[in-house]
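Here the structure comes first, spelled out in structure tokens, and everything after it is commentary.
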Amino acid sequence: MEYRKISDLLKSTEFGKEVGVRGWVRTKRGNKNVAFIAVNDGSVIHTIQAVVDLSKIPEETLKHVTTGACVYITGILAQSQGQGQSVEIQTTALEIVGLCDETFPLQKKAHTLEFLREIAHLRPRTNTFGAILRIRHHMAFAIHKFFNDKGFFYLHAPIITGSDAEGAGEMFRVTTLDMNNPPRNTDGSVDDKQDFFGKETNLTVSGQLQAELAAAALGLVYTFGPTFRAENSNTPRHLAEFWMMEPEMAFYDITANMDLAESMLKYVVQYALEKCKDDLEFLNIRAIEEDKTKKQNERSKTTLLERLQAVVDHSFKRITYTEGIAVLKSADKKFEFKPEWGSDLQKEHENYLVDHFGVPVIVTDYPKDIKAFYMKLNEDGKTVRAMDILFPYIGEMIGGSQREENYDKLYARIKEMHIHEESLGWYLETRKFGTFPHSGFGLGFERLILFITGMSNVRDVIPFPRTPKNAEF
RNA sequence: UCCUUGGUAGCUCAGCUGGUUAGAGCACAUGACUGUUAAUCAUGGGGUCACUGGUUCGAGCCCAGUCCGAGGAGCCA
């Protein structure tokens with residue numbers, strides 16, 4: 001007898017063969033003659049039904065088959081006599097490996113996502129989170145596959161950084177100093193020279209600058225790893241610890257950059273539609289059910305599966321920031337913030353643009369003053385070669401740019417923006433020694449998963465979310 | 001961080017204008033039932049009304065503060 005994955009057994013036609021499954025009980029039903037145990041092992045969203053003849057299995061054993069218990073079940077694979085499933089196991093042996101008493105918080109009913117966040121150590125055992133975690137895996141794999149197939153090299157950017165000038169937000173300090181009694185300089189400031197690295201260090205907020213260094217040697221590279229922002233952001237789209245994927249391409253201009261980003265997104269969405277069918281169908285129904293609880297005007301006009309298919313089928317709309325502002329100004333809608341050339345697009349503006357064009361929108365050529373120092377200046381001297389990809393429900397999915405490769409212009413920009421140039425000497429040297437045109441972008445992985453799964457809070461698409469005032473589990 | 005909103009049984013929620021012993025469904029326990037599909041039916045146990053203080057003859061309900069959650073905004077991915 002061989003233990004098998006439920007995903008295999010549900011597809012099997014080896015009726016009459018003895019098989020075994022190992023997993024966790026989702027529900028038990030029955031009467032005094034027969035019991036039905038639904039078992040899930042995580043290999044698929046579905047359960048397999050084990051049929052137990054009560055004259056063969058002691059009642060004492062069956063008593064401990066409770067929701068959440070871990071069981072090993074052996075039996076004969078058979079075509080089901082019931083309606084709900086095609087395959088089932090006629091149980092010959094049943095072993096309770098892990099008891100689960102009535103204090104187990106997951107019940108045979110729907111729970112709110114808020115409650116499940118409080119029991120994040122148990123929520124992978126729900127259908128919803130099982131589906132999300134499987135999809136999350138497949139999406140990470142699809143990203144690696146996409147880039148590998150295109151000849152990119154996966155670069156491991158450092159998690160600990162000594163650079164304090166990346167300008168992407170508040171950082172988490174990394175130190176081994178005694179917080180209660182740190183060594184101090186004569187002026188009272190903390191003496192970082194005595195710290196582990198001999199200087200102030202932090203957790204990375206981006207792997208981009210390191211990726212640029214590697215692109216100057218390997219040509220096409222990407223990073224994919226955890227990223228940390230100590231911002232006090234309390235929104236459904238922000239985490240203090242999230243995963244970011246950042247490709248960096250030598251000899252790509254902004255257009256090639258956009259082409260790559262668009263084809264990558266289409267590739268991974270298509271991959272999900274093909275490889276995560278069962279999970280997506282479950283989440284599709286889940287989203288429809290959830291929608292019914294909302295007010296009429298807040299309900300979505302499309303289903304999750306329709307939105308995913310639409311991304312694959314349609315080209316993204318590409319407009320410049322200046323054109324975008326013009327669209328917003330002529331819009332038949334009152335904005336809380338008036339669209340004005342020079343100020344950043346507000347959430348309501350992004351939403352309007354995406355809604356207006358009905359497809360993901362790539363906005364390019366933003367005013368230089370609202371973008372990062374490393375973006376390439378356009379001939380007009382006012383705008384930079386930035387590109388943001390805006391998605392329905394999500395907002396900014398990708399942010400990228402062509403990089404400024406001219407040493408003098410980049411140096412001037414660093415000065416202009418009062419950035420600590422000493423800590424960026426190594427970065428500037430890429431422009432000094434064989435500088436090259438290049439581009440790249442950053443993709444927030446959780447935001448991608450949000451879009452793919454139809455969930456609405458990033459805290460529900462990462463196993464153990466870290467947010468302000470919350471680092472449980 | 002700001003604005004809005006919420007915290008009542010293990011879970012989801014009701015609780016009227018401040019008035020007797022705080023309710024329901026699910027879950028759980030016991031029993032019934034010859035194949036169930038979140039099985040069904042009957043019976044039963046289960047409460048620091050987030051916390052602290054105040055107003056009142058009387059507070060789940062009113063007031064103040066604190067903690068925590070959610071939504072929106074900002075920051076961003």
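Within every chain, numbering begins at 1; the chains are lettered A, B, ... in the order of the sequence lines, protein sequences first and strands thereafter.
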When the distance from [atom1] of [X] to [atom2] of [N] is rounded to whole Å, what number comes out?
X	N	atom1	atom2	result
A:Lys28	B:U40	NZ	P	15 Å
A:Leu116	B:G69	CG	P	16 Å
A:Phe115	B:A27	CZ	C1'	11 Å
A:Glu118	B:C11	CD	P	8 Å
A:His349	B:G74	NE2	C1'	14 Å
A:Asp344	B:G74	CG	P	9 Å
A:Lys371	B:C75	NZ	C1'	12 Å
A:Phe335	B:A73	CZ	C1'	16 Å

NA contact type, [X], heavy-atom cut-off 4.0 Å: base, sugar-phosphate, or nothing?
X	answer
A:Glu348	nothing
A:Glu241	nothing
A:Gln85	base
A:Thr227	nothing
A:Ala35	nothing
A:Arg26	nothing
A:Phe36	base
A:Gln90	base
A:Thr112	sugar-phosphate
A:Gln107	base

For [X] and [Y], does a side-chain donor sit closer than 3.5 Å to a side-chain acceptor?
X	Y	answer
A:Glu88	A:Gln90	yes
A:Asn257	A:Asp259	no
A:Tyr222	A:Glu246	no
A:Gln402	A:Tyr252	no
A:Arg229	A:Thr227	no
A:His438	A:Glu212	yes

Expressed in whole Å, how much space separates the [atom1] atoms belonging to [N] and [M]?
N	M	atom1	answer
B:C62	B:U55	C1'	8 Å
B:C49	B:A9	P	10 Å
B:C26	B:U43	P	12 Å
B:U4	B:G74	C1'	15 Å
B:G7	B:U17	C1'	23 Å
B:C11	B:G35	P	34 Å
B:G44	B:C61	C1'	31 Å
B:C51	B:G69	C1'	15 Å

Side-chain N or O of [X] versus OP1/OP2 of [N]: is the shortest distance under 4.0 Å?
X	N	value
A:Arg459	B:G69	no
A:Lys108	B:A39	yes
A:Arg29	B:A39	yes
A:Arg117	B:A70	yes
A:Thr235	B:C76	no

Indicate yes or no: at least one non-hydrogen side-chain atom of A:Glu323 is less than 4.5 angstrom from one of A:Asp365.
no

Between A:His349 and A:Phe337, is the ring centroid distance below 6.0 Å?
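No, too far apart.
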
Between A:Phe153 and A:Phe147, is the ring centroid distance below 6.0 Å?
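No.
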
If you assign A:Glu336 and A:Leu239 each to the RNA chain B nucleotide with the nearest heavy atom, which residue ends up on the more 5' nucleotide?
A:Glu336

Earlier contact from the 5' end, RNA chain B, for A:Asn232 and A:Asn31
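So the residue in question is A:Asn232.
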
Looking at [N], does its base get a donor-acceptor pair with the side chain of [X] below 3.5 Å?
X	N	value
A:Ser233	B:C76	no
A:Gln81	B:G35	yes
A:His111	B:C11	no
A:Asn234	B:U1	yes

Between A:Thr161 (side chain only) and A:Leu203 (backbone N and O only), is there a donor and an acceptor less than 3.5 Å apart?
no

Pair partner, [N] [Watson-Crick or wobble, under 3.5 Å]:
N	answer
B:A39	none
B:A64	B:U52
B:U4	B:A70

Which pairs, protein N/O on one side and nucleotides 4-9 of chain B N/O on the other, fall under 3.5 Å?
none

Can a cation-pi geometry be assigned to A:Arg413 and A:Phe373, taking NZ or CZ under 6.0 Å from the six-membered ring centre and within 45° of the ring axis?
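Not flagged: A:Arg413 not positioned over aromatic ring of A:Phe373.
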
